[in-house]
Enquirer: 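I'd like to ask you about the structure that follows.
A quick note: this is a predicted structure, and the numbers were derived from the prediction, not measured. Reminder, nothing fancy here: chain letters follow the sequence lines and each chain counts from 1. What you see below is based on every heavy atom in this structure, not just the backbone, and it leaves out hydrogens, waters and symmetry mates.
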Amino acid sequence: MSDHLARLNPEQRESVETIDGPLLVLAGAGTGKTRVLTTRFAHILLTRRAFPSQVLAVTFTNKAAREMRERVAAILGQPADGLWLGTFHALAARMLRRHAELAGLTPSFSILDTDDQLRVLKQLMEAERLDLKRFAPQALMAIIQRWKDRGLTPARITPAEDSDFVNGRAKILYAAYQDRLRTLNACDFGDLLLHVTEILRAHPDVLAEYHRRFRYILVDEYQDTNLVQYLWLRLLAQGHQNICCVGDDDQSIYSWRGAEVENILRFEKDFTNATIIRLERNYRSTEQILAAASGLIAHNTGRLGKTLRPGRNDATGDKIKIVSLWDSDEEARMVGERIETLRRSGHAASEMAILVRANAQTRAFEERLITLGIPYKVIGGLRFYERQEIRDAVAYARVLNQPSDDLAFERIINLPRRGIGDQGLRAMHERARERAIPLTAAALSLADDGSLRGKVRDAVRTLMTGFDRWRAGIIREGHVTTMAIMLDESGYMDMWKQDKSVEAPGRIENLKEFVRALADFDSIGGFLEHVALVMDNEQNAEGDRVNMMTLHAAKGLEFDTVFLPGWEEGLFPSQRTMDESGVKGLEEERRLAYVGLTRARQRAIVSHAANRRIYANWQSSIPSRFIDEIPAEYVEIETAGSLQRERMIRAPSFTSQFPMAARRPQVIENWEKPARPARTDGIPVGTRVFHQKFGYGMVTACEDDKLDIDFEKAGTKRVLDRFVERA
DNA sequence: AGTGGGACGCTTTTT
DNA sequence: GCGTCCCACT
């Protein structure tokens, strides 16, 4: 029986075997956090302390949930079914479906995406005659989201918690928004936890039911919980107090989403007699990487204090490599070359990762890897269900599933074009409001009483009879076939078939995949839940591929080789974060850097470029302060080609040699790519060159730093050599 | 009334 | 460089 405990170190083992009472495990990066959690789960089951359905296990990401499910199944030797194991949101949704009526909803409520939320808010703000230019609906959405993160229903907002946005009307708009959602029988993401927490607070009988059900609670990534999530956990753990939270304050990187590291401190206060165990032995990274990461994170104040110690005795490993590049293209080239070299010496692509600060950065690397023919996958970024065509198809499914889903209906009423525009929609809204009926019914009523005429009326009738027919078809032909028929008969598929853009074929493929995925579910409702909460972009997952993702998405993962590009002031740490959240923001960025470094098992390559294109123009930037903060003895500055380096040093805007120089990036006025400094290697006559404005050409004469070039498109010109590159 | 072209603004990070 | 919003055109 103690088989599963055998491979644990003493602290890990203690974390697994301290079963009763509250337990907080402070687990540093790579100290076997996931192993502890899954082993603990299995231990509870194997020692027959609880049935699988009596354990509540909460993670942040679907990936983590999937992994834990697999690992538990592996330890148990059988598929772990009937578990309450999932993300906060998925579990909350499951609870809310069971008690929907207590929140004024029916069990078939829709879960809205950001688009829908924004549309509702916009409508409400327009109704209030607010100037949407001055008051951005996005800003209101963020405020409401933050309230929800803090467990605040409109009624719970105290004057101190109120916002002065839209002249203090934010709270009123929030209340109106919640009312509107209830009418729509819908929920946004934040509502899932908010409603459930409210239900548990107001209905002791429901709470007691869950107390009976859940004998043990396990929580992953505890440092990233926000206040509602904390309240929810605390309510559920109230009875037996058997709650185990695993987290690392140094890896708290979601405060912008409402996460509160303070929840870690609160734990000891709210759960008296809590045991606290620290996991500090790192089994993942080399000593060099550990020391570098520790040195970096030591610059943060107010840490709970944990020191990572190497847990294995093999080689100390390479130092962190720091590479300076001229611009982002060169950076992508450098990374591509190193990946090629590593692969040639037998390293698997899937053991390498490029971790970026912002999603937009992946593009340069994608382009480069495509050119080099290196397989890669982008993790995160645009999720499958975030694609336009999938959202449209989902909207069709939502109307099919729930005819009163006005938001979904609004999305597809004129998609494909049916000649219904602003006016038509406005009339429908009016009728819907007058008679308190859904938009679908309003549309029909307008068609029937002659308010809509001709083409428009026919279009509305065709669509509505279509929905009736498809709804009936579910029973006859099943939901999968019906979905395919609906996308076909509604003209939606044709819309993309006639679209001549390059993306269209891919979209049609995605739609087919969408229909295929439906087969894994026994109802459209179940499928919609999955799409809203779970479905992620794992399509190119198979095969040996280089991983590309944001630093946020990388948390919890590990790779032999990690590339950390874009370590520049303004980009990383992000200027925006520092402007908005000051030192707190900077420290969170630093934790992000720490997360990045500690993903690496063998080697980490940090790079920064002197010039980067942001929006349309070029920006010159200096190396990130984080580079200076890694203790020098664990760092190796790479000389990326002598010529290159000389240019770097002499580049006027480049101040890497003076780390204390001005931190803010400068915007370069001209629109062209910044010129490299004059080169010492004259470009000989006959060289094929490339110029940003004039394109490709041949050098016909050379005088000092001036070149006569015969351009293929632009004719003969005389230009300075620093404006051209060898082609 | 609906559609399409041009101007503008701007993006961190995610369930 | 891209998506969104507004205005002019059909």
Enquirer: At under 4.0 Å, does any side-chain N or O of Arg357(A) touch on OP1 or OP2 of dT12(B)?
Expert: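 Arg357(A) to dT12(B) OP1/OP2: no side-chain N or O under 4.0 Å.
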
Enquirer: Which nucleotide wins on minimum distance to the side chain of Arg417(A), given the candidates dT15(B), dG4(B), dT12(B)?
Expert: dG4(B)

Enquirer: Expressed in angstrom and rounded to an integer, what is the separation of His552(A) atom NE2 from dT15(B) atom P?
Expert: 11 Å

Enquirer: Quick one: do Arg591(A) and Asp249(A) make a salt bridge, cutoff under 4.0 Å?
Expert: no

Enquirer: Between Arg363(A) and dC2(C), is there a side-chain N or O to OP1/OP2 distance below 4.0 Å?
Expert: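 Looking at the OP1 and OP2 atoms of dC2(C), one of them is under 4.0 Å from a side-chain N or O of Arg363(A).
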
Enquirer: Closest to the Tyr254(A) side chain: dG2(B), dC2(C), dT14(B)?
Expert: dT14(B)

Enquirer: Rounded to whole angstrom, note down the C1' distance from dT4(C) over to dT13(B).
Expert: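 Pairwise C1' distance, dT4(C) against dT13(B), rounds to 22 Å.
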
Enquirer: Is there a stack between Phe88(A) and dT15(B), judged by ring centres under 5.5 Å and planes under 30°?
Expert: no

Enquirer: Given that Ile253(A) and Asn414(A) both sit by DNA chain B, which one's nearest nucleotide is further toward the 5' end?
Expert: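 Counting from the 5' end, the first nearest nucleotide belongs to Asn414(A).
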
Enquirer: Take the protein atom CZ of Arg613(A) and the nucleotide atom C1' of dC10(B), then report the distance between them rounded to whole Å.
Expert: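 After rounding, the reported distance stands at 16 Å.
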
Enquirer: Between atom CZ in Arg391(A) and atom P in dG3(C), what is the gap in whole Å?
Expert: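 One finds 13 Å between P of dG3(C) and CZ of Arg391(A), rounded.
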
Enquirer: Taking for each residue the nucleotide of DNA chain B bearing the nearest heavy atom, is the 5' side occupied by Thr577(A) or by Thr114(A)?
Expert: Thr577(A)

Enquirer: The side chain of Asn359(A) is closest to which nucleotide in this list: dG2(B), dT13(B), dT15(B)?
Expert: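 Nearest to the side-chain atoms of Asn359(A), counting from C-beta on, is dT13(B).
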
Enquirer: Would you indicate which nucleotide in dT15(B), dT12(B), dA1(B) comes nearest to any side-chain atom of Ala358(A)?
Expert: dT12(B)

Enquirer: Compare the minimum distances between each of dG2(B), dT13(B), dT12(B) and the side chain of Trp256(A), then state the nucleotide with the smallest one.
Expert: dT13(B)

Enquirer: Could you tell me how far apart Asp224(A) (CG) and dT13(B) (C1') are, to the nearest whole angstrom?
Expert: 11 Å

Enquirer: What is the distance from NZ of Lys584(A) to P of dT12(B), rounded to the nearest Å?
Expert: 19 Å

Enquirer: Is the closest basic N to carboxylate O distance between Arg398(A) and Asp116(A) below 4.0 Å?
Expert: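 Yes, Arg398(A) and Asp116(A) are salt-bridged.
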
Enquirer: Would you tell me if any nitrogen or oxygen in the side chain of Thr550(A) comes within less than 4.0 Å of OP1 or OP2 on dT12(B)?
Expert: no

Enquirer: Considering only NZ, NE, NH1 and NH2 on the basic side and carboxylate oxygens on the acidic side, decide whether Asp449(A) and Arg431(A) come within less than 4.0 Å.
Expert: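 Salt bridge present between Asp449(A) and Arg431(A).
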
Enquirer: Nearest of dC5(C), dT15(B), dT12(B) to any side-chain atom of Lys122(A)?
Expert: dC5(C)

Enquirer: Counting heavy atoms from C-beta on, name the nucleotide in dT13(B), dT11(B), dT15(B) closest to the side chain of Arg257(A).
Expert: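 Of the options given, the side chain of Arg257(A) lies nearest dT15(B).
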
Enquirer: Check for me whether Arg590(A) meets the cation-pi criterion with Phe626(A), that is, NZ or CZ under 6.0 Å from the six-membered ring centre and within 45 degrees of the ring axis.
Expert: no

Enquirer: Could you check how far CZ of Arg591(A) sits from C1' of dT12(B), rounded to whole Å?
Expert: 16 Å

Enquirer: Starting from C1' on dG1(C), measure out to CD on Gln361(A) and report it in whole angstrom.
Expert: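 In whole Å, dG1(C) C1' lies 16 Å from Gln361(A) CD.
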
Enquirer: Under 6.0 Å from the ring centre and within 45 degrees of the ring axis: does the NZ or CZ of Arg368(A) meet both conditions for the six-membered ring of Phe365(A)?
Expert: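 Verdict for Phe365(A): no cation-pi partner in Arg368(A).
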
